[in-house]
Amino acid sequence: MNRIAELRKEKNMSQISLGMKLNVSQKMISAYENGKNEPSIDLLMRMADIFHASIDYIVGYSENRYPEYRISGNDYSSPSKKDITRIFGDLSDKNQWIAQGVLLGLLASQQAETEDGMENGDGKES
């Protein structure tokens with residue numbers, strides 16, 4: 001798990017500050033970095049968000065730092081609104097219903113966070 005230390009240092013974060021973001025102790029961060037303990041999937045997902053890296057990269061399974069977003073030869077690493085609209089239109093009716101549910105759930109969660117006085121992820125208050 002030495003990539004955790006590498007990524008943490010790249011962000012100029014101390015073990016304490018990373019621990020605070022993940023709600024774990026500095027000793028636990030040290031244990032992850034030294035391979036004495038392994039982070040849970042939940043913690044790895046949160047680290048992926050913090051470090052903007054794939055979980056595969058964090059755990060050393062891949063040399064590709066960023067997740068692959070290639071489908072049928074198209075690169076969707078930063079899709080435009082037009083791409084999203086086209087992709088949505090290509091989904092089956094069932095999958096469109098699922099996608100709508102996910103989007104509405106995200107919107108409701110974002111609104112709840114905003115009502116609680118939390119930032120909405122882009123550094124601005126809604």
Side-chain angles (χ1 to χ4, degrees):
M1 288 293 162
N2 59 0
R3 283 210 175 130
I4 295 172
E6 170 192 320
L7 292 165
R8 175 182 58 76
K9 290 173 184 175
E10 206 175 89
K11 289 265 190 193
N12 295 317
M13 296 176 75
S14 66
Q15 288 181 339
I16 293 170
S17 63
L18 178 58
M20 289 175 67
K21 285 184 177 284
L22 298 172
N23 201 27
V24 298
S25 70
Q26 177 271 327
K27 287 182 182 182
M28 191 59 75
I29 298 297
S30 177
Y32 297 151
E33 291 181 357
N34 293 315
K36 294 180 182 174
N37 206 336
E38 293 184 10
S40 68
I41 294 296
D42 176 62
L43 284 177
L44 285 169
M45 290 186 328
R46 290 167 46 205
M47 285 183 202
D49 287 339
I50 291 167
F51 298 136
H52 303 290
S54 69
I55 292 173
D56 285 352
Y57 181 82
I58 294 170
V59 299
Y61 185 72
S62 171
E63 294 303 312
N64 183 8
R65 183 172 179 158
Y66 304 102
E68 290 287 330
Y69 294 106
R70 292 181 95 53
I71 302 170
S72 302
N74 294 315
D75 180 11
Y76 294 109
S77 53
S78 53
S80 67
K81 289 180 182 179
K82 184 178 178 181
D83 290 333
I84 297 296
T85 301
R86 187 179 50 70
I87 292 167
F88 184 83
D90 289 344
L91 295 173
S92 67
D93 289 344
K94 177 183 175 185
N95 285 337
Q96 284 183 0
W97 278 104
I98 292 168
Q100 287 174 16
V102 169
L103 291 172
L104 291 171
L106 288 170
L107 181 60
S109 174
Q110 179 178 298
Q111 289 173 344
E113 288 175 356
T114 302
E115 289 171 5
D116 290 341
M118 296 177 65
E119 291 186 351
N120 64 10
D122 63 1
K124 301 175 186 172
E125 292 281 288
S126 290

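Quick caveat: nothing in here was measured; it's all calculated off a predicted structure. Scope of the values below: all heavy atoms of this structure, side chains included, with no hydrogens, waters or symmetry mates.
Once rounded to the nearest 0.5 Å, the distance linking CG of Leu18 with CD1 of Ile16 reads 11.0 Å. How far CG of Leu44 is from CG of Asp56: 10.0 Å, rounded to the nearest 0.5 Å. Rounding to the nearest 0.5 Å gives a distance of 11.0 Å between CG of Asn95 and CD of Gln100. Expressed to the nearest 0.5 Å, how far CE of Met45 lies from OG of Ser40 amounts to 8.0 Å.
By the neighbour-count criterion of 12 heavy atoms within 6.0 Å, atom NZ of Lys11 is densely surrounded, having more than that number from other residues, nucleotides or ligands. Summarising the local packing, CG of Asn23 is surrounded by 12 or fewer heavy atoms from other residues, nucleotides or ligands at distances under 6.0 Å.
A pairwise comparison of heavy atoms in Leu22 and Arg46 identifies O-NH2, 2.6 Å as the closest pair. The heavy-atom pair separating Gln15 from Ser30 by the smallest distance is NE2-CA, 3.6 Å. In terms of heavy-atom proximity, Ile29 sits nearest to Val24 at CD1-CG2, 3.6 Å. Between Ile4 and Pro39, the shortest heavy-atom contact is CD1-CG, 4.3 Å. In plain terms, the two heavy atoms of Ile50 and Lys21 that are nearest each other are CD1-CB, 3.9 Å. Counting all heavy atoms, side chain and backbone alike, Ala53 lies closest to Leu7 at CB-CD1, 4.4 Å.
Contact annotation: the side chain of Leu106 never approaches that of Gln110 to less than 4.5 Å [non-hydrogen atoms, C-beta and beyond]. Residues Ile55 and Tyr61 have side chains not in contact (no heavy-atom distance under 4.5 Å, counting atoms from C-beta outward). Side chains of Arg3 and Phe51 form no contact here, defined as non-hydrogen atoms less than 4.5 Å apart. Between Asn37 and Met28, some side-chain heavy-atom pair lies under the 4.5 Å cut-off.
Hydrophobic clustering (ILVMFWY, side-chain heavy atoms < 4.5 Å, transitive): Leu107 and Val102 are in distinct clusters.
Between Arg8 and Glu33 there is a salt bridge, with a side-chain nitrogen of the basic residue lying less than 4.0 Å from a carboxylate oxygen of the acidic one.
In the hydrophobic clustering, where aliphatic and aromatic side chains (Ile, Leu, Val, Met, Phe, Trp, Tyr) are joined below 4.5 Å either directly or transitively, Trp97 stands alone.
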Identify all side-chain donor-acceptor contacts of residues 84-91 below 3.5 Å with residues at least two apart in sequence or on another chain.
{"residue": "Thr85", "atom": "OG1", "partner": "Lys81", "partner atom": "O", "Å": "2.9"}
{"residue": "Arg86", "atom": "NH2", "partner": "Tyr76", "partner atom": "OH", "Å": "2.8"}

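With sequence neighbours excluded, the residues that form a side-chain hydrogen bond (donor to acceptor under 3.5 Å, both in side chains) with Glu10 are Arg65.
The closest donor-acceptor contact from the side chain of Ser109 to the backbone of Gly105 lies at 3.5 Å or more, if one exists at all.
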